[in-house]
Amino acid sequence: MVHNCYADTEAAVVGFVTEYLTGHALAAKLVGWFFLCAAFYGLFKATMAVIGHVRGLLRMLVPGANVKKLGEWAVVTGATDGIGKGYAFELARQGMNIVLISRTQSKLDAV
């Protein structure tokens, strides 16, 4: 018979934590607050990252923005539909050289 020491250890830890938190309401609340704060911190960091990306995109596409300072060439993926197509046309309108990337050759030929 094979003995699984990890299952025994896991059961012991879960049992200890459950028993400890059951008898200690304050500790249970602190653990709950810790995880709640960690979740809000993660949400805050993710939101700030998204805001940073959106600000960068807006800076690039605002009328009058000098996108040429970023270089002469732009690579646009998904350039045959939706947002990618819009970026490709806008950057071309602003005078940049564009490399278009698409999964479908026929749609790429149409653009």
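Basis for what follows: all heavy atoms, side chains included, without hydrogens, waters or symmetry-related copies.
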Begin from the C-alpha positions of Y41 and K45 and carry the test side-chain contact (heavy atoms from CB on, under 4.5 Å) through to its verdict. CA-CA 6 Å; Y41 178 72; K45 293 295 281 187; 3.7 Å; yes

Please report the interatomic distance [atom1]([X]) to [atom2]([Y]), rounded to the nearest 0.5 Å.
X    : Y    : atom1 : atom2 : result
E72  : I98  : CD    : CD1   : 12.0 Å
W73  : L91  : CH2   : CG    : 13.0 Å
T80  : Q105 : OG1   : CD    : 10.5 Å
F40  : T47  : CZ    : OG1   : 11.0 Å
R103 : T77  : CZ    : OG1   : 10.5 Å

Do F89 and R93 have side chains that get closer than 4.5 Å, going by heavy atoms?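 When only atoms from C-beta onward are counted, R93 and F89 do not touch, as no gap falls below 4.5 Å.
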
Is there a path of hydrophobic side-chain contacts, each under 4.5 Å between heavy atoms of I, L, V, M, F, W or Y residues, that connects M96 with V99?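 Result: no, two separate clusters.
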
Donor-acceptor contact present, side-chain S102 to main-chain T104, <3.5 Å: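 Side chain of S102 to backbone of T104: a pair is present.
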
Evaluate whether atom CD1 of I101 has more than 12 neighbouring non-hydrogen atoms of other residues, nucleotides or ligands under 6.0 angstrom away.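 Counting neighbours around CD1 of I101, more than 12 heavy atoms of other residues, nucleotides or ligands fall under 6.0 Å, so yes.
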
Worked verdict on K107 versus D81 for side-chain contact (heavy atoms from CB on, under 4.5 Å): CA-CA 8 Å; K107 286 183 177 182; D81 289 312; 2.9 Å; yes

